[in-house]
> 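Below you'll find the structure I mean.
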Amino acid sequence: MALKLALYGYDTDLGKLVIETLEDSTLKVDAFYPLTPLSGEFDAIKLHGRNFLIGNIEDFDFSTVDVALFLTTKDETQRLSTKAREAGAIVIDLSHLYSGDGKVPLILPEINPEDVVRAVETRLAVPASSVSTALTLVLHTLHDAYEVKQAVATVLESVSEHGRFGTETLARETAFLLNGRALEESGFEAQVAFNLHTRIGKSDAQGEAFEEKVIKSEVTRLLGGFSQGLSVTALMVPVFFGHTLCLHVTLGENVSLEDLKTTLEESEHLELLDDSDELITPVTHSVSAERILVTRVRMCGPRSCDLMVLFDNARRGEAVNCVALLKLIAAYLKK
């Protein structure tokens, strides 16, 4: 069975990456409907050598597709997801409308592919967020080998986590400041250019910000809890693309640095980089990388280690996850 797919947000930065990833994948798409809220769009999108006309979201019949992929705003997802599901489409949402909602199937294909059954039954699924994906895959590798007792992660998120809105805001503010012009209202709580945001989203009474709660919730749902806990601090930095994690892990058994590196190297999801001869950075190494990059691995004691994790948050953390989830759904529907 080939998949029938609607994509709302084909023209976003993430939408373009999803189409690129679909183009490079083996997933067979029988019918593809790129959708827009604008009227008068008569262009077409090419996929696997075929042209598919762009349609208007308001007129679209969701009963004609198996999956509706929403790469749009929370408001639009809230407005349209129920309509799509009631028509029989399985909604995959990346608007973050359902972030942290434990009732919605959360899927990271490398970890819990079996949950695709519940996604099909409920006609709703959320791929793991980009940060949760990287953190989960690294911790899963270490947990299988040595049992993770505790993990402390400091997340440095680039502005591309907010899509084109984030990158355009950083570019515009940078240009304004370098030319001595006053900044305009951007929609962010504080200046983005030449600045660091000490939290992402509002903090609760315990001082935990929304983004941190989402990451902890997703990692815990995917891996289970660790006996000594998981701590996450998420910051937004004035970088266009690529996220970085600074990770401290306490393990359940003694391990040598050599064995730890071997374990990381043998993971099919990770790539270990030696930084002794060159500086490893998100811009030079992680942008467009298909795997999660690990570097600066060092021991802090016989059972604890520090390491840095870099990844392309949009391509590896979101687009690849979406297409992998589409493959799972297509395979399940084929049964």
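Everything quoted here is computed from the prediction, not taken from an experiment.
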> Less than 4.0 Å between a side-chain N and a carboxylate O, is that true for Glu271 and Arg316?
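Looking at Arg316 and Glu271, the cut-off is not met.
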> Closer than 4.0 angstrom, basic N to acidic O: yes or no for Arg315 and Glu20?
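Glu20 and Arg315: salt-bridged.
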> Calculate, to the nearest 0.5 Å, the distance between atoms CG and NE2 belonging to Asp312 and His243 respectively.
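Going from CG on Asp312 over to NE2 on His243, the span is 9.5 Å.
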> Kindly give the heavy-atom pair with the smallest separation between Leu230 and Thr220, and that separation in Å.
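Reported closest heavy-atom pair: CD2-OG1, 4.4 Å.
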> Can you tell whether the side chains of Lys202 and Glu189 come within less than 4.0 Å, N to carboxylate O?
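Yes, this pair counts.
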> Kindly give the heavy-atom pair with the smallest separation between Leu307 and Val309, and that separation in Å.
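In this case the closest contact between Leu307 and Val309 is CD1-CG2, 4.1 Å.
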> Between Arg303 and Leu251 (side chain of the first, backbone of the second, donor and acceptor by atom type, cut-off under 3.5 Å), is there such a pair?
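No; judged by distance alone, with no hydrogens or angles, the pair does not exist.
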> Name all residues meeting the side chain to side chain contact (heavy atoms under 4.5 Å, CB included) criterion together with His48; count only those two or more places apart in sequence or in a different chain, and write none if there are none.
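Side chain to side chain contact (heavy atoms under 4.5 Å, CB included) check on His48 returns Glu23.
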> Taking atom types as modelled and ignoring hydrogens, do the side chains of Thr263 and Tyr146 form a donor-acceptor contact shorter than 3.5 angstrom?
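Result is yes, a qualifying pair exists.
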> Taking only residues two or more places apart in sequence, or in another chain, which ones meet His197 in a side chain to side chain contact (heavy atoms under 4.5 Å, CB included)?
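So His197 forms a side chain to side chain contact (heavy atoms under 4.5 Å, CB included) with Phe188, Ala190, Val192, Asn195, Met236.
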> Can the positive tip of Arg181 be found less than 6.0 Å from the middle of the six-membered ring of Phe176, inside 45° of the ring normal?
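Output yes; distance and angle both within limits.
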> Any side-chain donor paired with an acceptor under 3.5 Å for Asn313 and Ser160?
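Per modelled atom types, Asn313 and Ser160 side chains form a pair under 3.5 Å.
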> Are side-chain N/O atoms of Tyr98 and Ser81 paired as donor and acceptor at under 3.5 Å?
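Tyr98 vs Ser81: donor-acceptor pair found between side chains.
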> In terms of side-chain geometry, is the basic nitrogen of Lys216 or Glu208 positioned less than 4.0 Å from the acidic oxygen of its partner?
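Yes, this pair counts.
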> Would you call Arg164-Asp13 a salt bridge at under 4.0 Å N-O?
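Here Arg164 pairs with Asp13 in a salt bridge, since their nearest N and O are under 4.0 Å apart.
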> Using 4.0 Å as the upper bound for N to carboxylate O, is an ion pair formed by Lys16 and Asp11?
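Not counted as a salt bridge, because no side-chain N and carboxylate O are separated by less than 4.0 Å.
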> Between the side chains of Glu76 and Lys74, is the shortest nitrogen-to-carboxylate-oxygen separation below 4.0 Å, so that they form an ion pair?
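Salt bridge flag = no for Glu76 with Lys74.
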> Thinking salt bridges, do Glu58 and Arg79 make one under a 4.0 Å N-O criterion?
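Salt bridge: yes.
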> Would a line drawn from the ring center of Phe52 to the ring center of Tyr33 be shorter than 6.0 Å?
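Distance test on ring centres: not under 6.0 Å, no.
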